[in-house]
K.L.:
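Shown below is the structure under consideration.
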2 protein chains.
Amino acid sequence: MNAPDKLAQFINLTREPLPASRKRYVTGALGIKVPLREILQSNGEAVTVYDTSGPYTDPDAVIDVRQGLPTPRQRWIDDRGDTEAYVGRVPFALDDGAKHGETDTLAALRAQAAGLQRAPRRARIGANVSQMHYARQGIVTAEMEYVAIRENQKLEWMQQYQQDAAREKRLAGNSFGAAIPKVMTPEFVRDEVARGRAIIPANINHTELEPMAIGRNFLVKINANIGNSAVTSSIEEEVEKLVWAIRWGADTVMDLSTGKNIHTTRDWIVRNSPVPIGTVPIYQALEKVGGVAEDLTWEIFRDTLIEQAEQGVDYFTVHAGVRLPFIHLTANRVTGIVSRGGSILAKWCIAHHKENFIYTHFEEMCEIMKAYDVSYSLGDGLRPGSGADANDEAQFAELRTLGELTQVAWRHDVQVMIEGPGHVPMHMIQENMTEQLKHCHEAPFYTLGPLTTDIAPGYDHITSGIGAAMIGWYGTAMLCYVTPKEHLGLPDREDVKTGIITYKIAAHAADVAKGHPGARARDDALSRARFEFRWMDQFNLSLDPDTARNFHDETLPKDSSKVAHFCSMCGPKFCSMKITQEVREYAKTLGVTDEQALSEGMQSMSEEFKRKGAEIYIPISKA
Amino acid sequence: MNAPDKLAQFINLTREPLPASRKRYVTGALGIKVPLREILQSNGEAVTVYDTSGPYTDPDAVIDVRQGLPTPRQRWIDDRGDTEAYVGRVPFALDDGAKHGETDTLAALRAQAAGLQRAPRRARIGANVSQMHYARQGIVTAEMEYVAIRENQKLEWMQQYQQDAAREKRLAGNSFGAAIPKVMTPEFVRDEVARGRAIIPANINHTELEPMAIGRNFLVKINANIGNSAVTSSIEEEVEKLVWAIRWGADTVMDLSTGKNIHTTRDWIVRNSPVPIGTVPIYQALEKVGGVAEDLTWEIFRDTLIEQAEQGVDYFTVHAGVRLPFIHLTANRVTGIVSRGGSILAKWCIAHHKENFIYTHFEEMCEIMKAYDVSYSLGDGLRPGSGADANDEAQFAELRTLGELTQVAWRHDVQVMIEGPGHVPMHMIQENMTEQLKHCHEAPFYTLGPLTTDIAPGYDHITSGIGAAMIGWYGTAMLCYVTPKEHLGLPDREDVKTGIITYKIAAHAADVAKGHPGARARDDALSRARFEFRWMDQFNLSLDPDTARNFHDETLPKDSSKVAHFCSMCGPKFCSMKITQEVREYAKTLGVTDEQALSEGMQSMSEEFKRKGAEIYIPISKA
């Protein structure tokens with residue numbers, strides 16, 4: 001199959017709505033339209049869920065990936081009147097890593113992407129266009145209202161609250177001191193952004209964006225990494241992965257391309273993405289200097305930041321905390337420095353015997369960030385790459401530095417989140433969260449896993465899914481996914497899906513454990529469908545309806561099995577749920593007709609039984 | 001492929017030792033031979049790991065599944081002189097669920113299993129042959145010595161301890177009050193069994209057994225369920241699953257067959273199993289009464305217990321805690337009763353309006369258990385089947401009853417473990433462990449997951465692997481696996497493997513977090529292999545070398561890639577581990593040659609740097 005065919009196939013595949021699902025839009029006070037996904041059940045009830053999939057799953061949307069998505073944010077940004085269009089930086093062949101003799105191929109590639117070119121905007125002189133700046137001015141932006149509606153959309157919230165209350169607070173959750181409100185309001189969102197406890201990554205040049213928030217008092221989010229490397233992958237594949245990733249629930253996507261054509265790949269990705277896009281600009285900067293870390297300069301890095309900010313990247317991972325005085329702390333580690341960015345900068349620092357230029361130019365970088373509203377993701381370049389190196393001095397020295405830089409960024413009203421590990425045994429996970437809260441002033445934490453053991457390459461979505469669920473519960477705002485290919489190779493389409501579903505599980509388990517209002521509504525709806533043998537509803541309410549249904553089909557493929565009161569696990573005679581229902585039916589024949597009366601009836605039967613003595617047989621006819 | 005071909009293929013496949021692995025035997029004082037697996041690395045070092053795979057992975061072992069495994073325990077049992085051979089119960093056609101007209105097929109099937117028939121043994125009159133009884137008499141049995149050597153076999157223990165100590169107790173672990181010794185001795189094993197804090201499931205009729213212990217102060221164990229159902233599966237498939245399951249690390253296997261031929265299936269499984277086999281006898285008893293729960297009687301159940309005890313089943317799950325007075329507590333649940341055994345007994349109780357006959361005959365049952373040394377696995381018939389039902393009164397009322405029954409069993413010196421849930425959100429997991437410890441007097445806890453969310457059918461190995469790792473850390477002694485097919489269908493070969501690897505991850509992550517001595521040795525060895533680009537060692541040290549290697553092969557199939565200093569994730573220019581090594585090499589050129597000096601050298605460089613002022617550029621030539 002050649003590339004265009006492959007692309008065509010992908011567009012066909014991923015534009016289908018998920019089974020039994022339809023797109024609904026909630027309209028806000030500012031005229032904005034916020035999407036949600038409604039899952040219809042066979043009993044007539046509907047469950048609404050947070051929807052990251054963008055216009056792709058809306059059958060009414062007209063999409064051409066060569067032109068990019070519609071730009072709903074353009075009007076909001078124009079209305080604020082504090083930005084200006086300008087003639088952007090002229091792209092170089094080197095932006096795509098092209099060398100002599102390769103420019104023809106590149107020209108062809110760029111021609112394909114011609115429809116994706118936009119004139120960049122930036123803040124007018126003296127203006128600061130960050131969401132944090134607006135929030136601190138007391139302004140509720142359209143982005144903030146969008147976030148409030150989106151987070152708040154679960155109409156089941158109040159009902160769920162009442163049900164939980166009826167269950168005697170058993171299920172109330174433990175949020176470890178988070179301040180989750182019962183109802184999300186635009187004002188709450190504004191306040192969280194103003195105090196730095198949440199960010200809304202939203203570059204003014206990413207007008208295709210459906211805004212979302214990352215913060216401890218919001219739903220736990222997940223990030224999926226895509227991107228080519230020098231060894232494998234193509235542009236079409238990366239766009240395919242983007243659309244595929246958001247279909248299954250990625251809240252943000254990082255483009256970690258390190259090979260050729262990374263500028264043009266990024267045009268494709270940003271213009272077709274309804275979710276925030278993050279990058280690690282040092283990767284591209286290193287390509288520009290031919291892969292020689294020592295040749296990096298602040299000027300080349302700065303040029304790369306502007307290049308990417310103009311394209312609309314929403315957050316930058318910068319390894320500003322990899323300071324020269326910390327590098328020796330890694331010398332006796334089992335796995336040294338495992339962050340790519342961290343190792344590049346460590347090499348630069350050692351070679352020049354000089355402080356990290358990202359650290360020394362941090363304030364200058366803030367000027368760029370606030371001109372486009374790019375958020376910082378302060379990278380943990382010294383994160384542990386094995387359980388043995390977890391929570392060591394190198395890691396925590398860097399974390400404290402990130403806390404200092406957070407305050408620098410906040411002085412510029414620049415949004416910040418903090419990256420975290422990595423590889424951490426279970427008993428050492430909570431310390432990561434408490435240290436981060438202590439030193440980083442409640443800026444959102446964004447962790448990679450952590451992996452709880454090192455012995456399962458091929459299954460590191462699972463070793464890390466365990467740690468991700470736990471640290472999400474403790475307060476991490478966004479979890480960076482890990483796929484089964486971690487440590488072994490580049491993830492393909494199925495790996496991306498497996499990684500995302502695993503991390504949706506971790507994030508949701510964390511929301512439930514934190515007691516996030518309404519988080520349990522979907523669990524309860526699915527459990528009820530399960531108990532009532534509504535098989536199709538059970539599949540449709542799940543994170544991956546296709547897999548659930550396919551697994552069921554393997555042993556019971558007939559349509560009639562989808563309403564059968566058993567499955568192949570136990571067979572018809574042994575189904576506990578069927579028997580329980582028979583028990584309830586049977587009890588009803590004794591004269592009780594509703595759930596409450598059934599409970600009372602069964603209780604009075606038991607009491608009579610106890611009164612008459614537990615060992616005495618009582619014929620049913622006399623009972 | 002017909003059935004015999006399939007069986008032949010499976011024997012071929014699973015007799016291969018794992019890559020780079022060889023079987024070693026440690027000889028004990030009592031002349032016993034305890035297996036372990038040694039993984040050889042390319043640098044000449046070896047890592048030894050706990051080995052559940054039995055003789056199957058020993059190239060020198062001669063095995064014919066139609067004759068069963070060798071019987072090393074026979075001599076130990078004979079030597080104790082407290083048992084007698086006798087003419088066992090005569091098997092009925094009904095034991096295999098056969099009805100009129102089906103006996104010919106059954107006869108053919110039984111003829112195949114003729115080589116697996118053994119004359120049963122039982123305790124002489126007045127004797128008690130349970131490991132707990134011996135332990136309480138102060139006797140260290142061969143089984144106990146076997147367990148001590150097996151648990152203790154990691155020769156890396158002491159070395160690891162010293163390394164951890166050097167890392168300033170960062171990695172010391174938190175065992176939540178467990179009493180894990182630095183070195184396992186036979187006397188420690190005896191003491192743990194005597195006080196009921198550990199069990200050694202070891203029916204005297206299971207002489208093929210390689211003994212193992214289940215207890216909070218031993219390595220966390222995992223169980224894999226196999227078994228046919230009325231809908232699908234065959235005997236050959238079940239034996240295949242057994243050998244496959246122990247290859248990947250199942251410490252015990254439960255045969256949950258509920259369809260036809262369950263007696264004969266069990267002969268095949270027990271005779272070919274080096275690991276303890278557990279069953280749920282009520283399933284077979286129900287088959288004997290044609291699936292009509294109301295027709296069950298104590299006599300039929302008792303007959304089934306003896307039938308299975310004679311075959312050599314090592315532990316019985318019995319739902320003795322599903323008491324009549326508790327059933328009404330499930331009436332308002334979202335998912336009622338989800339345990340098969342629990343629902344069968346609830347139906348019986350309600351139909352007869354009578355107390356559960358397993359509860360009322362519990363002491364009589366103890367007489368059977370101690371005559372064969374069958375351990376109790378006290379089933380949680382009222383476990384929650386959804387997060388909404390977690391930790392409710394039905395569940396905890398039953399748990400308290402299991403605690404009472406534990407003390408009854410212990411009066412008979414009968415070994416006991418306690419089953420636990422199920423479906424439990426993360427914040428409610430620890431309460432399960434603390435309540436179990438409180439009410440069940442430290443009898444080992446044996447949980448199914450728990451699943452931390454209900455919304456991911458198709459991925460319940462992961463939703464439950466999260467909960468399993470956590471509850472294992474808190475103190476659960478054995479984790480019952482969950483496969484991707486949970487709630488949807490019967491697991492096939494690949495599902496069994498996925499479930500086991502997931503649970504090996506959970507159990508190992510728990511051991512590491514508890515600070516189990518030496519548990520981290522394998523993590524560290526693998527991390528070192530990873531850092532040194534010893535790809536084959538990394539694969540071979542992993543829980544699933546085949547998958548790790550296959551994933552790597554997908555993008556870099558050449559043999560030369562297995563020694564390459566990069567992988568396809570980042571490509572050659574971006575490999576952080578390669579760059580870190582270059583940093584270390586580079587630092588060495590500055591005049592430092594070993595790790596310690598390197599650290600000091602890098603530190604002095606940083607100090608000089610700080611002294612000279614962080615902003616001043618220092619040319620390398622002058623440094």
Side-chain angles (χ1 to χ4, degrees), chain A residues 174 229-231 258 291 325 328 331 334-338 340 343 353 355 386-388 425-427 452-458 466 469 488-490 505 508-509 512-513 522-524 526-527 531 542-543 547-548 551-552 555 568 571 573-574 576 579-580 583 598-599 602-603 606 614 618 623, chain B residues 174 229-231 258 291 325 328 331 334-338 340 343 347 353 355 386-388 425-427 452-458 466 469 488-490 505 508-509 512-513 522-524 526-527 531 542-543 547-548 551-552 555 568 571 573-574 576 579-580 598-599 602-603 606 614 618 623:
Chain A
N174 169 12
S229 84
V231 177
T258 58
H328 77 93
V334 170
T335 45
I337 299 173
V338 295
R340 287 186 247 174
S343 62
H353 201 202
E355 185 57 281
S386 55
M426 279 193 287
H427 65 295
T452 53
T453 169
D454 307 327
I455 67 168
I466 294 166
L488 300 170
L490 267 188
I505 289 169
H508 185 75
V512 167
R522 190 172 181 177
D523 293 75
D524 287 1
L526 191 145
S527 295
F531 189 64
S542 73
L543 288 177
T547 295
F551 280 3
H552 192 259
T555 41
S568 66
K573 276 191 299 196
F574 280 88
S576 61
I579 296 174
T580 303
V583 168
L598 173 57
S599 169
M602 289 165 90
Q603 183 162 19
S606 321
I618 303 155
Chain B
N174 168 13
S229 83
V231 177
T258 57
H328 77 93
V334 170
T335 45
I337 299 173
V338 295
R340 285 186 248 173
S343 62
K347 191 171 183 183
H353 202 203
E355 184 58 282
S386 55
M426 279 194 287
H427 65 296
T452 52
T453 169
D454 307 326
I455 66 168
I466 294 166
L488 299 169
L490 267 189
I505 289 168
H508 185 75
V512 168
R522 190 173 182 176
D523 294 75
D524 286 2
L526 191 145
S527 294
F531 188 65
S542 73
L543 288 177
T547 296
F551 280 3
H552 192 258
T555 42
S568 66
K573 276 191 297 196
F574 281 88
S576 61
I579 296 173
T580 303
L598 173 58
S599 170
M602 288 166 90
Q603 183 162 20
S606 321
I618 303 156

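Each chain gets a letter, A, B and so on, in the order its sequence line appears, and its residues count up from 1.
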K.L.:
Any idea which of B:Asp454, B:Val512, B:Ile505 has the most non-hydrogen atom pairs under 4.5 angstrom with chain A?
P.N.:
B:Asp454

K.L.:
Tell me every residue that passes side chain to side chain contact (heavy atoms under 4.5 Å, CB included) with B:Ala513, counting only those two or more places apart in sequence or in another chain.
P.N.:
A:Met426, A:His427, B:Trp473

K.L.:
Tell me, for B:Leu526 versus chain A, whether the close heavy atoms (under 4.5 Å) come from the side chain, the backbone, both or neither.
P.N.:
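Side chain only.
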
K.L.:
Among A:Ile337, A:Thr547, A:Leu543, A:Ile466, which residue forms the greatest number of heavy-atom pairs with chain B at distances under 4.5 Å?
P.N.:
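Answer, by heavy-atom pair count under 4.5 Å with chain B: A:Ile337.
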
K.L.:
So which of B:Ala548, B:Ala456, B:Gly387 has the biggest tally of heavy-atom pairs under 4.5 Å with chain A?
P.N.:
B:Ala548

K.L.:
Can you tell me which of A:Ile455, A:Asn174, A:Thr452, A:Thr453 forms the most heavy-atom pairs within a distance under 4.5 Å of chain B?
P.N.:
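The candidate making the most pairs under 4.5 Å is A:Ile455.
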
K.L.:
Can you find a pair of side-chain heavy atoms, one from A:Asp523 and one from A:His508, that are under 4.5 Å apart?
P.N.:
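They are in contact (side-chain heavy atoms under 4.5 Å apart), so the answer is yes.
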
K.L.:
For residues A:Leu488 and A:Pro457, report the shortest heavy-atom separation together with the two atoms involved.
P.N.:
CD1-C, 4.0 Å

K.L.:
For B:Ala388 versus A:Asp524, what's the shortest heavy-atom pair and its separation?
P.N.:
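Closest approach of B:Ala388 to A:Asp524: CB-OD1, 3.4 Å.
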
K.L.:
Quick one: side chain to side chain donor-acceptor pair (under 3.5 Å) partners of B:Thr335, sequence neighbours excluded?
P.N.:
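Partners of B:Thr335 by the side chain to side chain donor-acceptor pair (under 3.5 Å) criterion, ordered by chain and then number, come out as B:Ser386, B:Asp389.
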
